[in-house]
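Let me begin by presenting the structure, written as structure tokens, before commenting on it.
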Amino acid sequence: MSTDKKPPITCHVLDTTIGRPGASIPVFLTLINPTTPIPGGREPRTFSGTTNSDGRVTSWKPASIYDDETLEEKWQHEKGDKAYSLTFNTEAYFGQRGVKTFFPEVTVRFVVREEQKGEHFHVPVLLGPFGYTTYRGS
């Protein structure tokens with residue numbers, strides 16, 4: 001895989017309180033209903049990333065030391081409709097600025113249909129300490 005190729009799922013955080021990207025936010029991407037088991041029987045499969053200076057997660061690594069399959073490999077092996085979630089650690093992000101947020105984390109759940117597997121899924125989050133909005137981006 002080329003280093004400039006995007007993973008099948010990306011995300012982007014914009015902090016609406018300062019009108020800038022939300023940098024350094026820990027994010028977890030979870031395949032909620034995998035069809036293939038994780039070694040040792042643990043489920044679900046989770047990948048981690050951190051938003052960059054532009055507020056984007058552009059690569060994912062397995063969150064468990066017991067799982068070495070990349071998101072791209074998992075994407076190719078999984079068949080059927082699959083539910084995913086993106087969880088953003090907003091408490092850590094706002095806490096760095098001394099802001100107490102009402103939402104300590106934001107979780108966005110979505111479904112990738114089998115017939116959509118060739119598409120890219122981008123999930124932007126417009127974030128404030130007391131609210132958020134999301135949509136399927138391009």
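Keep in mind the model is a prediction, meaning the values are calculated, not measured. Only this structure's heavy atoms are used, side chains among them; waters, hydrogens and symmetry mates stay out.
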- [ ] Hey, could you give me each pair passing side-chain hydrogen bond (donor to acceptor under 3.5 Å, both in side chains) that has a residue in residues 104-117? Not counting sequence neighbours.
- [x] D81-R113, T87-T107

Open item on the list: For P129, give me all partners under side-chain contact (heavy atoms from CB on, under 4.5 Å), at least two apart in sequence or on another chain.
Closed with: T17, F94, V99, T101

- [ ] Go through the structure and list residues passing ring-ring contact (aromatic ring centres under 6.0 Å, His included) with Y132, not counting sequence neighbours.
- [x]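 Partners of Y132 by the ring-ring contact (aromatic ring centres under 6.0 Å, His included) criterion, ordered by chain and then number, come out as F103.
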
TODO: Apply ring-ring contact (aromatic ring centres under 6.0 Å, His included) to F110 and list each qualifying residue two or more places apart in sequence or on a separate chain.
DONE: Y84

[X] (side chain) donor-acceptor with [Y] (main chain) under 3.5 angstrom:
X    : Y    : value
H120 : P7   : yes
T51  : I25  : yes
T90  : P104 : yes

- [ ] Say whether L86 and L126 are linked into one hydrophobic cluster, either directly or through other cluster members, by side-chain heavy-atom distances under 4.5 angstrom.
- [x] no

Open item on the list: Do F88 and F102 sit in one hydrophobic cluster, given that two such residues count as connected whenever their side-chain heavy atoms are within less than 4.5 Å of each other, even indirectly?
Closed with: yes

- [ ] Please name the pair of heavy atoms, one in V27 and one in C11, separated by the smallest distance, quoted to 0.1 Å.
- [x] CG1-SG, 4.1 Å

Task: Nearest heavy-atom neighbours spanning S48 and F28 - done: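 Scanning both residues completely, I find the closest heavy atoms to be CB-CE2, 3.6 Å.
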
Open item on the list: Test of understanding: with salt bridge (Lys or Arg N to Asp or Glu O under 4.0 Å), list the residues that count as partners of R20, not counting sequence neighbours.
Closed with: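 Per chain and number, R20 pairs via salt bridge (Lys or Arg N to Asp or Glu O under 4.0 Å) with no residue.
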
Task: Which residues share a salt bridge (Lys or Arg N to Asp or Glu O under 4.0 Å) with R97, sequence neighbours left out - done: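 In terms of salt bridge (Lys or Arg N to Asp or Glu O under 4.0 Å), with neighbours along the sequence ignored, R97 is linked to D15.
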
TODO: Could you grab the distance from atom CG of L14 to atom CG of L127, nearest 0.5 Å is fine?
DONE: 9.5 Å

- [ ] Enumerate the residue pairs fulfilling salt bridge (charged side-chain N to carboxylate O under 4.0 Å, His left out) with a member in residues 124-137, sequence neighbours excluded, ordered by first and then second residue.
- [x]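 Output for this query lists E119-R136.
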
Task: Within residues 125-135 or reaching into it, pairs that qualify as salt bridge (charged side-chain N to carboxylate O under 4.0 Å, His left out) - sequence neighbours excluded - done: none

Side chains of residues 53-62: which donor-acceptor partners sit under 3.5 Å, not counting sequence neighbours?
from	atom 1	to	atom 2	distance (Å)
D54	OD2	R56	NE	2.8
W60	NE1	I9	O	2.8

- [ ] Considering only Ile, Leu, Val, Met, Phe, Trp and Tyr, and joining two whenever side-chain heavy atoms are under 4.5 Å apart, list the other residues clustered with Y135.
- [x] none

